[in-house]
Amino acid sequence: MRKNIVAGNWKMNNGLSQTQALISDIKKQTQISDAEVMIAPSFTNLWHAFEALRQDNIEVVAQNMHFAENGAYTGEVSAGMLQSIGVKTVILGHSERRAYYNETDESLAKKVDAALANHMRIIFCFGEELADRKAGNEESVVESQIKNALFHLGADAFKNIVLAYEPVWAIGTGETASPDQAQDMHAFIRKTLANKYGKEVADNVSILYGGSVKPNNAKEIFGKPDVDGGLIGGASLKAEDFYAIVNAF
Ligand code: PGA
């Protein structure tokens with residue numbers, strides 16, 4: 001059965017001392033939900049976070065990686081490098097990567113392959129922009145993002161893939177998709193997967209919602225049947241808020 005997951009995407013925030021402080025605050029929180037908890041610090045703090053959380057039930061994940069194993073790619077980090085410090089999960093396809101670093105469905109398909117070849121788990125992000133939603137194209141945009149980056153994979157690969165629906169218009173804007181909008185899209189995503197891979201595969205994939213999830217709206221969003229958790233940006237930078245969201249399950 002699919003798992004509930006709450007993952008904090010710290011983005012380009014927190015140097016070492018802030019990372020230490022936030023992790024120490026996180027360790028003081030009490031978890032009453034059954035959700036899997038993950039945090040994604042920047043590359044420079046992954047090793048520290050991994051070491052600091054070794055004994056805790058919190059997984060440390062990367063925000064990105066390159067598709068090549070190694071070589072002349074200045075400034076990049078490979079799946080093997082992440083694996084070498086114990087990081088086993090990577091976020092791919094975040095809308096900020098797509099918008100600012102020209103990541104495309106095609107380049108993301110290569111990253112997906114590289115991550116899976118290295119036995120990593122993927123949190124694969126996608127979502128429509130405001131113009132797409134205004135034009136009523138949100139489903140076709142989401143469908144093509146999923147198909148282009150993932151549908152070359154066999155069904156087994158989905159054991160290591162978590163999907164994260166993040167409407168671009170809701171990220172960091174304070175504007176959340178309504179619980180019904182999230183549910184409608186998540187049900188559509190699951191149907192799209194079921195059409196290609198069958199109901200069992202679709203039912204076992206966790207689909208997270210991301211975009212201005214806060215302590216005051218998490219419960220209602222997570223209460224929807226096809227929403228299996230959240231990818232949390234801003235609210236993951238304060239341990240109390242993050243755990244209020246974790247405990248919304
Ligand atoms: P937000 O970010 O919670 O700050 O909207 C979500 C994300 O980008 O994953």
Side-chain angles (χ1 to χ4, degrees), residues 4-14 18-19 22 26 29 35-43 45-46 49 58-65 87 89-103 108 111-112 115 121-130 132-133 138 141-142 145-146 149 161-179 181-182 185-186 189 206-224 227-249:
N4 294 327
I5 298 171
V6 179
N9 174 11
W10 291 6
K11 308 192 180 183
M12 198 173 76
N13 293 295
N14 295 334
Q18 292 153 315
T19 298
L22 183 48
I26 282 174
Q29 303 295 317
E36 246 187 82
V37 179
M38 304 178 184
I39 57 162
S42 62
F43 283 134
N45 291 305
L46 282 175
I58 298 170
E59 192 182 345
V60 175
V61 319
Q63 297 176 18
N64 178 36
M65 55 164 249
V87 173
T89 299
V90 61
I91 298 171
L92 293 178
H94 191 280
S95 66
E96 288 149 18
R97 303 280 331 160
R98 293 176 190 257
Y100 308 144
Y101 305 101
N102 303 321
E103 295 202 355
L108 287 167
K111 291 188 177 201
V112 165
R121 181 154 67 149
I122 298 164
I123 300 176
F124 186 78
C125 308
F126 52 86
E128 82 283 0
E129 294 186 22
L130 185 59
D132 303 319
R133 185 158 280 265
E138 64 272 16
V141 168
V142 161
Q145 287 172 324
I146 295 174
I161 294 177
V162 170
L163 299 178
Y165 167 60
E166 299 203 300
V168 178
W169 48 271
I171 295 178
T173 58
E175 189 171 337
T176 335
S178 71
Q181 281 174 322
M185 184 58 89
H186 284 221
I189 293 162
S206 296
I207 308 178
L208 314 185
Y209 168 80
S212 299
V213 178
K214 306 288 177 202
N216 65 5
N217 59 24
K219 209 179 181 89
E220 221 190 324
I221 298 171
F222 295 171
K224 293 292 175 184
V227 179
D228 307 309
L231 185 55
I232 319 300
S236 72
L237 297 172
K238 270 180 72 188
E240 259 178 44
D241 288 352
F242 186 52
Y243 270 78
I245 294 170
V246 169
N247 287 329
F249 271 111

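Remember, it's 1-based here, ligands and their atoms both numbered in the order they're listed. These numbers come from the heavy atoms of this one structure, side chains and all, not from hydrogens, waters or symmetry mates. Computed from a predicted model, the values in this text were never measured in an experiment.
With a 6.0 Å radius and a threshold of 12 heavy atoms from other residues, nucleotides or ligands, E220 has its CD atom at or below the threshold.
A donor-acceptor pair shorter than 3.5 Å cannot be found between the side chains of Q63 and W10.
Contacts between S236 and ligand 1 below 4.0 angstrom, taking non-hydrogen atoms only, are absent altogether.
Atom numbering of ligand 1 starts at 1 in the shown order; those under 4.0 Å from a heavy atom of A170 are 5 (O). Near L231, with a cut-off below 4.0 Å to any heavy atom, the atoms of ligand 1 are 6 (C), 9 (O). Each of the following atoms of ligand 1 lies closer than 4.0 Å to a heavy atom of G211: 5 (O).
Remark: distances from the non-hydrogen atoms of K214 to ligand 1 are all 4.0 Å or more.
Distance alone, capped at 3.5 Å, is enough to place a donor-acceptor pair between the S212 side chain and the A170 backbone.
Nearest heavy-atom pair, A115 versus M65, reported as atom, atom and distance to 0.1 Å: N-CE, 3.6 Å.
Scanning G172, G233, G230 for the heavy atom closest to atom 5 (O) of ligand 1 points to G172. Ranked by closest heavy atom to atom 4 (O) of ligand 1, the top entry among A235, G127, G234 is G234.
Considering I232, N9, I123 in turn, I123 is the only one that fulfils the side-chain contact (heavy atoms from CB on, under 4.5 Å) rule with M38.
Here the CD1-CG distance, from I91 to L231, works out to 5.0 Å after rounding to the nearest 0.5 Å. Put simply, CG on L108 and CD1 on I122 are 10.0 Å apart, with the number rounded to the nearest 0.5 Å.
Protein heavy atom in closest approach to atom 7 (C) of ligand 1: E166 OE2, 3.2 Å.
In terms of polar-atom proximity, H94 is counted as a contact of ligand 1, with an N or O under 3.5 Å from an N or O of the ligand.
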